[in-house]
Amino acid sequence: GRNEDAITELKSAINHPQVSARAVEVLEEVYLQLGRTEALRGLYDETLGKFPDSVHWYNRAGALAVAEGRFDRAEQLYEQAWQKGKDISGNDAKAALDGYLQALIMNGKLDKVFQEAREFVDGDFAPIAYLRMAEAKLKLGDKETTVQYSRKALEKAFAGTDEILAPDILEKMHSLLGAEEALQICKKKLEADPDSFAANFAMFDLMRINGEYNKAVDYIDKCLQIMGPDNQRIDYLMKKVMVLYLAYGKTSDNNYLNRAITESESLLAKLPNNTVILNNLSYMLLEANVQLEKALEYARQAYEAMPNNPGFLDTYAYALYKNRRFAEADQFAKSALQQFEAQRI
């Protein structure tokens, strides 16, 4: 939590001749957490000076420019990223093309979107090309072609080697066209391939967005069955817990709460020091007003591991309050507020 000292040490590390990319990433994380966009801009400029061919860092600088509403600058950065990345494959190249086309749309250069994207309607970049062309067509009021291009984007994602892109495409498609179009394409894919991980996960996401939580749980269970003992299994179990808790919030049915608690405790047994699991499990118990002493212990562990995280401070204060330790709750609630303000959250 000694932010200024950490920044000083990291600046020293990245100025070393044998600079570690990880040191730059950690300094980026600190600036993002503290909301220091001006310092972040300077870091990106400095890093691009050291790594002028890094598609990744051009993408990161472009993302900041988009977040700040500096769309001309975003277009420049993403165009440079794309020029450097267009002859390679991988996530950085895809992010560069996606960012570049998005910046063109934000700047109203729709003709250029079609000009650039049409070169990539086959191959690894096809889902991104079709999706951004769909967005541009919607800007022009052409709903029919928007639907056609969106369908093509998802079909290409499902047919490609990088199937995991499909849920991201689906989420964007959902925002463009609504649930029904996306649902039909997913159903068609599942009829052809019931064990498609991407299609099942896409359906999970759709059901979650639509508030159909029982169906969402069924689809995430299918995903867990398909993936087996994968390294990312924990991430998907956490998504299942989230949906169970949303179902509890919607229905007040304790069955959903108990299942969410059981799944969380199972995760905690595997990852006893995971502060996110500790914090979330504590909050669930506190909101449900059950197992309050256990909730306090979980919150304490998360807080002590990361004492300057305002979200963990806030949960710990809430746990103290629920356990009627009011003076301490008041003290930690004030500390949480101070951290939220200091970090501009």
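Below, all heavy atoms of this structure are taken into account, side chains as well, without hydrogens, waters or symmetry copies. Only a predicted model underlies this, so the values are computations on that prediction, with no experimental measurement involved.
The existence of a salt bridge linking R41 and E68 is confirmed by a sub-4.0 Å separation between a basic side-chain nitrogen and an acidic carboxylate oxygen. The existence of a salt bridge linking D98 and R132 is confirmed by a sub-4.0 Å separation between a basic side-chain nitrogen and an acidic carboxylate oxygen.
Listed by chain and number, the residues in a ring pair (Phe, Tyr, Trp, His ring centres under 6.0 Å) with F120 are W82, F125 (sequence neighbours excluded). For Y149, the ring pair (Phe, Tyr, Trp, His ring centres under 6.0 Å) partners at least two apart in sequence or on another chain are Y130. In this view, E304 and R300 satisfy the side-chain hydrogen bond (donor to acceptor under 3.5 Å, both in side chains) rule, not counting sequence neighbours. For Y316, the ring pair (Phe, Tyr, Trp, His ring centres under 6.0 Å) partners two or more places apart in sequence, or in a different chain, are Y303, F332. Residues passing the side chain to side chain contact (heavy atoms under 4.5 Å, CB included) test with R22 are S20, E25, V26, E29, sequence neighbours excluded. For the side-chain hydrogen bond (donor to acceptor under 3.5 Å, both in side chains) test, residues two or more places apart in sequence or in another chain that qualify with D122 are K156. Every residue meeting the ring pair (Phe, Tyr, Trp, His ring centres under 6.0 Å) condition with Y318, not counting sequence neighbours, appears here in chain and number order: Y283. Residues meeting the side-chain hydrogen bond (donor to acceptor under 3.5 Å, both in side chains) test with N289, sequence neighbours left out: K322.
Identified under the salt bridge (Lys or Arg N to Asp or Glu O under 4.0 Å) test for residues 195-204, with sequence neighbours left out: D195-K222. Residue pairs meeting the salt bridge (Lys or Arg N to Asp or Glu O under 4.0 Å) criterion with at least one partner in residues 100-112, sequence neighbours excluded, are E75-K109. Every pair passing side-chain hydrogen bond (donor to acceptor under 3.5 Å, both in side chains) that includes a residue from residues 54-64 is listed here, sequence neighbours excluded: E28-R60. Residues in residues 261-273 take part in these salt bridge (Lys or Arg N to Asp or Glu O under 4.0 Å) pairs, two or more places apart or across chains: K240-E263, E265-K294.
When the shell of 6.0 Å around NZ of K84 is examined, it contains more than 12 heavy atoms from other residues, nucleotides or ligands.
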